[in-house]
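All remarks here apply to the structure that follows.
Note: hydrogens, waters and symmetry copies are ignored here, and every other heavy atom, side chains too, is used. Letters A, B, ... mirror the listed sequences (proteins, then strands); counts begin at 1.
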Amino acid sequence: MDYNFSKVEKKWQDYWAKNETFKTDVWDFSKPKYYVLDMFPYPSGQGLHVGHPEGYTATDIIARMKKMQGYNVLHPMGFDAFGLPAEQYAIQTGNHPDEFTSKNIATFKRQLNMLGFSYDWSKEISTSDPKYYKWTQWIFKQLFNDGLAKYIDMPVNWCEELGTVLSNDEIVDGKSERGGYPVVRKNLKQWVIDIPKYAERLLQGLNDIDWPESTKEIQRNWIGKSIGANVNFKIEGTDDFVTVFTTRPDTLYGVTFMVLSPEHPIIEKYADRISNIEDLRAYKNIASLKSELERTELSKEKTGVKIEGLNIINPITNVVVPVYVADYVMMNYGTGAIMAVPAHDQRDYDFAKKFNIPIIQVIKGGDISKEAYTGDGEMVNSGILNGLSNKKDSINKMIDYLGQSGIGKKAVNYRIRDWIFARQRYWGEPVPVLHFDDHIEALDDSELPLVLPELKDYSPSKKGEAPLEKATDWVNVEVNGKHAKRETSTMPGSAGSSWYFLRYIDPNNENELANKELLEHWMPVDLYLGGVEHATGHLLYSRMWNNYLFDKGIVPTKEPFKKLVHQGMILGSNGEKMSKSRGNVVNPDDIVRDYGADSLRVYEMFMGPLCDSKPWSETGIEGAKRFIDRFYRLFSDTSKIIDKPNPKLEKEYHKTVKKVTLDFEKLSFNTAISQIMIFVNVAYKENFIPKEYAEGIIKLFNPIAPHVTEELWNILGHDETIANECWPVYDDSKTIDNTINLPIQINGKLKNTIEIQLDSSEDTIKALVHEKVANLLEGKNILKEIYVKNKIYNIVVK
RNA sequence: GCAGAUGUGGCGGAACUGGUAGACGCACAGGACUUAAAAUCCUGCGGCCCAAUAAGCCGUGCCGGUUCGAUUCCGGCCAUCUGCACCA
C-alpha cells in the first residue's frame with residue numbers, strides 16, 4: 001500500500017491544531033524550560049521561499065526532541081510586519097497597508113502550517129499590532145527619558161528626488177539605488193539611539209555567549225574599539241588648543257602637520273584669523289556634496305586645503321607645524337582632527353608628498369623615500385623614547401609622559417555610530433513624543449499605544465515631509481493651553497524586532513511588556529536561529545535593548561540569545577542565488593504539493609551542514625521522498641514488527657539512537673538522517689524487527705518527518721500523538737563490537753586488515769599480523785613496529 | 001587593503017582528540033520482477049594500469065615541513081565567498 005502523503009499530512013496537522021498538542025503552559029515551572037526561537041519573517045507578498053523552511057525545520061527538530069526529552073518548550077512564531085513593501089502597496093492602491101500585511105500574514109501562516117511546524121500559535125505576535133507596539137513605544141519612552149534616545153542635528157544621506165533619507169546601503173556610486181538620483185550630505189534633526197554608550201558592554205558581552213566566532217568578529221569590528229590617547233595641540237598665538245585622537249602617541253616626534261575634518265568647529269571659530277577662509281568654506285561645501293561612500297573611496301587621491309593663518313605647536317617638540325583641512329578626516333570619529341605622522345602612516349604620507357610637507361622618520365625600518373613604514377622598530381629622533389624598540393613600551397611611556405605633563409591622556413574610541421531611529425514613512429511605530437516650542441516631552445503611559453492615524457494618501461511630499469504630516473488633526477495637539485506637535489517620522493523596522501523575543505513569553509499582557517516572573521524563568525533564549533545578514537543590525541540592536549532593559553531591572557539577563565546559529569543559504573540548482581531574474585526560484589508550495597512536507601523537511605536537512613550554503617537539487621528532493629516511502633513501507637508492515645528480540649539489529653539500533661541524539665544536539669542533521677537510513681537499510685534485510693526498535697526509530701525520525709511518523713505510530717497501535725512520548729535511550733555498551741577490523745600498514749600505507757578481539761595486546765596479535773602480510777615482509781628489514789590499540793598496526797620496513 | 005570562512009569523486013556531502021579517505025544520498029550502469037513501462041528489490045560505481053583477478057601506482061586546491069602515519073598540525077602560496085573599509 002502506497003503512502004498517501006497529502007492525506008496523512010493534512011490529517012495530522014488538523015489533529016495537532018484540534019488537540020493543541022504544542023500549546024505551551026508558560027506557568028508550568030515543574031519541568032526544565034527550553035526556549036527555541038526562529039528569527040521571525042517579514043511577511044512579504046511572495047510568501048515563503050524555500051530558504052525559510054531550512055532554519056524553521058532545524059528549530060522544529062530541536063523543539064520536538066526537547067519536548068520528548070521532558071522539557072517545557074517555548075517555540076513561538078510571529079511577524080516583523082512593519083516595512084516598505086506594504087507602504088508602497090498602500091501608496092499605489094490607496095488601501096491601508098494593514099490590509100496587505102494581514103493578507104500576507106495569513107499566507108505565511110497557511111504555509112507554515114502546511115510544513116507541520118510545532119509552533120504555539122497562541123503566542124503569535126505582530127510588530128504592527130498596536131497591542132504589541134504599545135510596548136515598543138514604551139521602551140522608546142524609557143530610552144528617551146534616560147537620555148539614550150536623542151533628537152539631534154546630524155548629517156544624513158539626503159535624496160532630494162525621493163524626498164527621503166537613505167541608509168548607506170541604499171546608495172550606489174553616490175546615487176540612490178532606487179532611481180539613480182543624486183544623494184547629498186545634509187544636516188537634519190534626527191532621532192538616534194545612543195548605542196555607542198553601550199559599545200564596551202556589547203563588546204564584553206560577546207565573551208559570554210555561544211555564537212559563531214565569525215559573527216562575534218563582525219560585531220567586534222563593527223564596534224571597532226581602539227585604544228590610544230587624546231593629545232592637545234596648542235594653537236599658535238592663543239591659549240586655545242585642538243585635541244587629536246591617536247593610537248600611536250609614541251610617534252608624536254614625527255608629527256609634521258595636522259589635518260582637520262572640513263566640518264571641524266575650530267575653523268569657523270578662528271575665521272577672522274584665517275586669510276583663506278572662503279577656500280575652506282568652499283572645500284567644506286564640495287565635501288558635503290559627496291556621499292559618504294565617495295568620500296571614503298580608498299583609491300581617491302588625497303585632496304585638501306592648507307589653513308592660512310592658523311598653525312599649531314607640537315606639544316613635545318614645540319615645533320610649529322601647519323594645519324590642513326582634508327576630507328579623509330571624519331568629523332564623526334575621534335575628535336575630527338588628527339596629528340599627521342607621514343613617515344609611518346600611508347594616508348599622511350600621500351598627503352605630505354602631495355603638499356610637500358617634511359617627513360620625519362621616528363621608527364627605524366622600511367624605506368620612507370618610497371612609502372610610509374608601518375612596521376615595528378627602534379625609536380629614533382624621539383627624545384625620551386629613543387632606543388625603545390617595543391611598540392607597547394614606547395606607547396605606554398609616552399602616555400605616562402603626556403599625563404604627567406598635562407598634554408594628553410589615554411583614550412578609547414569606538415567606531416560604532418549612533419543608531420538612526422527615524423524614517424520619513426508611514427508604516428512604522430509612531431514616536432511617542434510631543435514637540436513643544438522649547439522642549440520635547442514623551443507621552444504619558446496612559447496615552448500608549450499612540451496609534452497610527454488613517455490617511456487618504458500615504459505618499460511622502462516632494463519636500464521630504466513624512467506622510468504623517470498630512471494628518472493635521474492628529475499632528476497638532478493642545479496640552480494645557482500650549483500648542484504641541486507630534487513627531488511625524490516613525491521608527492525603523494529594527495525597533496519592533498529588538499525585543500520581540502521577550503513578548504512571546506507573555507504576549508497578551510496589558511500591564512507590562514511581560515510578566516517579570518515569567519521573564520526570569522524563560523530568558524534567555526536557549527537557541528536562536530536565523531541568517532547572518534543580521535549580524536550588525538538586528539543582532540546588535542537586540543543586544544543593546546536587552547542590556548538596557550537589564551540595567552532597568554526589567555529582564556533577568558544581559559544577553560538575550562545564549563546560543564546563536566545561522567542557517568546557510570539555499571541556492572538555485574545552478575549554484576547561484578535564487579532570484580526571479582535568474583529563473584531558479586523554487587516555491588515551497590509546489591514542493592509540498594508534489595512531494596509532501598516531510599520530503600521537503602528531510603531533504604533540506606539532508607542537503608548538507610545547516611550553516612553551509614548549498615544548491616537545490618530536483619533529484620535530491622525525489623530521493624528524500626523515496627526514503628520516506630521506504631521508511632513507511634518498512635514500518636507499516638505490521639506482520640514484520642513483532643515483540644521478539646533480534647540480536648542482529650541490536651548494535652545498529654543502539655548506535656542509531658546514540659548518533660541521532662548526539663547529532664541533533666549538534667544540529668548535525670544530515671549525518672543523523674544518514675544514520676537512520678543505514679538502520680533502515682540493515683533492517684530491510686531482516687525477516688522481522690522487534691517492536692521496541694521500530695518504535696524507537698520512528699521516534700528518532702519524528703522531529704524531522706513528523707507526519708509520516710505520527711501515522712506509523714498510529715498504525716503500530718497507539719491512539720495518542722507521538723509528540724508526548726519519551727525520547728528513546730541507548731545502551732552505550734551495546735554500540736560496540738567485541739571484535740574489530742584492525743588496519744595493517746606498511747610504511748604508513750594500508751596493506752591489509754585483520755579481525756581481532758577488542759583491546760588485544762600487541763603480543764597476542766603480532767604473529768597473526770606478520771602472517772597476514774608475510775609476502776610483503778619477505779626480504780625486508782623491519783625497523784620499527786607501531787601498534788595503537790584498536791586503531792592501527794604499522795610496520796616500518798626498509 | 002584589513003578581518004573571517006571555505007576548498008574532498010560526475011554532484012550534495014562523510015571521516016571521533018593525527019590512525020582503513022569517499023559513510024549516506026543523487027546521478028549513472030547492470031540484474032530481478034513485468035507483455036512492457038513506472039514503482040520496487042538486489043549489485044556495482046575516485047582515477048590510472050590490466051581481457052580480468054591478484055598485485056601495483058596516483059589521489060582531499062598548490063608547494064614545502066613535522067610524524068611510523070596528515071583531509072586533520074605548522075609555514076608559504078592560489079582561488080572562491082562574506083563582512084568592514086581613508087577609523088587616525
Summarise how protein sits on nucleotides 38-46 of chain B as a single string, 5' to 3': B when a protein heavy atom is under 4.0 Å from the base, S for sugar-phosphate-only contact, - for no contact. --SSS----
Whether over 12 other heavy atoms sit under 6.0 Å from A:Lys225 NZ: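 Atom NZ in A:Lys225 is crowded, with more than 12 foreign heavy atoms closer than 6.0 Å.
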Look at all strands and tell whether [X] reaches a base, only sugar-phosphate, or nothing, counting heavy atoms closer than 4.0 Å.
| X | value |
| --- | --- |
| A:Asn794 | base |
| A:Lys216 | nothing |
| A:Ile678 | sugar-phosphate |
| A:Ser226 | sugar-phosphate |
| A:Val788 | base |
| A:Ser613 | sugar-phosphate |
| A:Gly224 | nothing |

Ring centroid separation for A:Phe233 and A:Phe241, is it under 6.0 angstrom?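 Between A:Phe233 and A:Phe241, the centre distance exceeds or equals 6.0 Å.
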Taking the ring of A:Tyr603 and the ring of A:Trp616, is the distance between their centroids below 6.0 Å?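 Yes, the ring of A:Trp616 comes within the 6.0 Å limit of the ring of A:Tyr603, centre to centre.
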Given atom [atom1] of [X] and atom [atom2] of [N], what is their separation to the nearest angstrom?
| X | N | atom1 | atom2 | result |
| --- | --- | --- | --- | --- |
| A:Asn221 | B:G4 | CG | C1' | 8 Å |
| A:Leu260 | B:A88 | CG | P | 18 Å |
| A:Glu604 | B:G12 | CD | P | 17 Å |

hbond_proxy A:Gln745 side chain to B:G19 base (donor-acceptor, 3.5 Å cutoff):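 Answer yes: a donor N or O sits under 3.5 Å from an acceptor.
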Below the 4.0 Å mark, does B:G56 have OP1 or OP2 next to a side-chain nitrogen or oxygen of A:Lys751?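 Indeed, a polar side-chain atom of A:Lys751 lies that close.
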Under 4.0 Å: is that the gap between some side-chain N or O of A:Lys614 and OP1 or OP2 of B:G12?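 For B:G12, neither OP1 nor OP2 has a side-chain N or O of A:Lys614 closer than 4.0 Å.
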Mind checking side chain to side chain contact (heavy atoms under 4.5 Å, CB included) for A:Ala683 and listing every partner two or more places apart, or none if nothing turns up?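 Residues passing side chain to side chain contact (heavy atoms under 4.5 Å, CB included) with A:Ala683: A:Leu634, A:Leu649, A:Phe679, A:Ile689.
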Without swapping roles, check the side chain of A:Arg601 against the backbone of A:Pro703 for a donor-acceptor pair under 3.5 Å.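 It does hold such a pair.
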Going by distance alone, is a donor N or O of one side chain under 3.5 Å from an acceptor N or O of the other, for A:Thr243 and A:Asn230?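 There is no such pair between these side chains.
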Does any donor atom in the side chain of A:Ser668 or A:Thr671 lie under 3.5 Å from an acceptor atom in the other side chain?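 There is such a pair (donor and acceptor under 3.5 Å, judged by atom type) between the side chains of A:Ser668 and A:Thr671.
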Among B:C84, B:C24, B:U20, which is the nearest nucleotide to the side chain of A:Arg415?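 Of B:C84, B:C24, B:U20, B:C84 is nearest to the side chain of A:Arg415.
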Nearest of B:A14, B:A27, B:G56 to any side-chain atom of A:Thr619?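 The nucleotide sitting nearest to the side chain is B:A27.
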Distance under 6.0 Å and angle within 45° of ring axis: A:Arg633 vs A:Tyr3: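 No, cation not above the ring by the 6.0 Å, 45° rule.
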Tell me, please, which residues at least two apart from A:Phe355 pass ring pair (Phe, Tyr, Trp, His ring centres under 6.0 Å).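 Per chain and number, A:Phe355 pairs via ring pair (Phe, Tyr, Trp, His ring centres under 6.0 Å) with A:Tyr324, A:Phe351.
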Indicate syn or anti for B:G9, taking the glycosidic torsion and treating anything within 90° of 0 as syn.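 Syn, angle within 90° of zero.
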Contact list please: residues 656-676 of chain A against RNA chain B, heavy atoms, distance less than 4.0 Å, in numerical order.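 Close to the strand are A:Asn670, A:Thr671, A:Ser674.
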Would you mind telling me which of A:Val532, A:Thr57, A:Leu610 makes a side chain to side chain contact (heavy atoms under 4.5 Å, CB included) with A:Gln567?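 Running side chain to side chain contact (heavy atoms under 4.5 Å, CB included) over A:Val532, A:Thr57, A:Leu610 with A:Gln567 returns exactly one hit, A:Leu610.
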What would the secondary structure line of RNA chain B be in dot-bracket form, counting Watson-Crick and G-U wobble pairs under 3.5 Å, with [ ] for pairs that cross earlier ones and | for pairs with another strand? (((((((..(((......[....))).(((((.......))))).(((.......)))..(((((..]....))))))))))))....
Of all residues at least two apart in sequence or in a different chain, which pass the salt bridge (Lys or Arg N to Asp or Glu O under 4.0 Å) check with A:Lys7?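 Partners of A:Lys7 under the salt bridge (Lys or Arg N to Asp or Glu O under 4.0 Å) test: none.
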